[in-house]
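Atom set for the values below is all heavy atoms of this structure, side chains included, hydrogens, waters and symmetry mates excluded.
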Amino acid sequence: MDKKLEKQISFDKDRNFIIRLEKFEQEVINALYEYISAFEDGFHVFKSYSSKENKIEIDNIKQHFISLETLFNEIKSLLSKLVVENSLLQTKKEEFNLKYEALKEEFSKIKREIKLPNTQADDYVRYTKELNLTKDQLSELNKLSNKKKEIEYELKQSLISLQNLWHDEFEIVQEEVKKVNKGQKSIDILVDLKGNKEEFKSYLKEILRGSKLRDRSIQAIIDNYNDLIAVYDDLNLPQNKISDILSDVQLNTFRDYFNRYIDAFLTYRVPDKYSIIYSERPLNEHSLGQRASALIIFLLTLKESDLIIIDQPEDDLDNQTIYNDVIKVLKELKNSSQFIFATHNPNIPVLGDREQVVTCKYESNTIITKLGSIDNETIKNEIVDIMEGGKEAFEQRKKIYELWTH
């Protein structure tokens with residue numbers, strides 16, 4: 001039977017080959033169409049750019065870009081040639097089909113002549129055709145499997161690189177935090193890599209909305225994994241830890257959501273957790289005034305600005321805090337930054353040893369200002385009058401303070 005039907009089986013095999021070839025060519029052409037569409041608009045955008053300050057240089061660069069576009073257009077020309085060549089395949093396919101149709105009567109005659117018990121020639125041809133088709137499909141599946149392994153490896157390497165970048169970012173933040181901590185003694189900032197579990201949980205709850213996963217299950221995921229890349233790695237293991245956390249139904253639901261939003265899941269960075277310790281206690285345990293003091297000290301010690309303007313710090317700070325924390329830092333930094341204070345508190349200009357003082361009075365719809373150094377007699381009198389309530393009030397407080405010391 002095999003020899004008698006060999007010709008038809010060979011024709012069917014060749015026919016399958018042409019079908020697979022046609023599919024492959026179409027995939028190549030479609031991929032090129034998508035490639036060109038993805039970048040074509042970009043050329044128009046960059047070519048339309050113009051510069052006011054660097055016109056000659058930018059125009060020169062654009063000339064290079066026009067040359068690049070010319071080369072890109074050769075891909076479009078190649079695509080046109082591929083389409084023409086593909087149309088030739090259609091013609092050759094039709095010629096083959098005509099030849100196949102012409103031989104159908106011959107194939108039918110051969111099948112009628114085959115007389116074997118319990119054997120149908122049509123079934124034999126069909127099964128042989130299906131076998132050849134299955135072999136071809138298996139070959140394609142092997143290629144896809146190998147391609148999948150390559151993509152999975154590339155993804156794994158990309159995730160490792162992403163994790164390294166996140167860690168590098170954390171190291172940069174750590175260095176800056178060390179500078180702040182070293183610049184003063186009142187504030188200590190702590191950074192915990194991916195430590196903001198509250199934000200992590202909020203993100204998961206939002207993206208898993210509608211999944212019917214309970215708060216307890218989501219919290220269990222947060223407690224057992226430091227980020228979603230770790231979850232992804234575990235999900236791909238035959239024996240995974242997450243199966244101990246979630247039921248079978250929950251795990252299937254979670255896996256479905258993970259695959260659906262895999263881009264968002266794998267690129268989500270769990271935020272770092274920042275803790276501010278002020279005077280040996282967490283900042284949130286302090287009063288509003290003490291928090292304001294910590295904020296001012298933090299801004300002052302950053303040393304990133306040549307000019308710092310602060311409006312009425314005494315609204316939130318008592319005199320002791322202003323002197324012990326703010327003024328001492330100011331005196332250390334006054335030679336490296338310009339500070340401007342708007343204040344009614346005499347401790348800042350006097351004890352802070354300010355270089356210039358501007359006093360202001362409002363009279364008859366006019367603001368009257370006086371400018372001078374802290375040693376200027378006029379400025380001294382202005383400070384006593386405006387900030388101390390006048391010389392008499394100043395002297396009276398002085399007498400009382402002296403009595404308290406005895």
Should [X] and [Y] count as an ion pair when the cut-off is N to O under 4.0 Å?
| X | Y | value |
| --- | --- | --- |
| Glu152 | Lys149 | no |
| Lys205 | Asp215 | yes |
| Lys179 | Glu176 | yes |
| Lys201 | Glu198 | no |

[atom1] of [X] to [atom2] of [Y]: how many Å apart, nearest 0.5 Å?
| X | Y | atom1 | atom2 | answer |
| --- | --- | --- | --- | --- |
| Tyr257 | Ile207 | OH | CD1 | 10.0 Å |
| Ile383 | Arg354 | CD1 | CZ | 11.5 Å |
| Thr378 | Leu371 | OG1 | CG | 11.0 Å |
| Ile245 | Asp223 | CD1 | CG | 8.5 Å |
| Leu159 | Leu228 | CG | CG | 11.0 Å |
| Lys273 | Leu190 | NZ | CG | 10.5 Å |

Are the side chains of [Y] and [X] in contact, using a 4.5 Å heavy-atom criterion?
| X | Y | answer |
| --- | --- | --- |
| Glu95 | Thr91 | yes |
| Asn164 | His167 | no |
| Thr343 | Met387 | yes |

Examine distances only and state if a side-chain atom of [X] and a backbone atom of [Y] form a donor-acceptor pair shorter than 3.5 Å.
| X | Y | result |
| --- | --- | --- |
| Glu314 | His344 | yes |
| Asn86 | Glu25 | no |
| Asp234 | Asn240 | no |
| Asn196 | Glu199 | yes |

Check: Quick one: is the NZ or CZ of Lys241 closer than 6.0 Å to the six-membered ring centre of Tyr225, and within 45° of its axis?
Finding: yes
Notebook entry, point to check: Phe39 vs Phe72 aromatic rings, parallel, tilted or perpendicular, using cut-offs 30° and 60°?
Noted result: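 Judged by the thresholds at 30° and 60°, the geometry between Phe39 and Phe72 is perpendicular.
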Note to self: Does Phe65, at its CZ atom, have more than 12 non-hydrogen atoms belonging to other residues, nucleotides or ligands within less than 6.0 Å?
What the structure shows: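 Result for CZ/Phe65: enclosed.
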Check: Taking everything shown except Gln239 itself, do over 12 heavy atoms lie less than 6.0 Å from its CD?
Finding: no
Next item on the list: Could you pull out the closest heavy-atom pair between Trp166 and Thr267, with the gap in Å?
Entry: CZ2-O, 3.8 Å
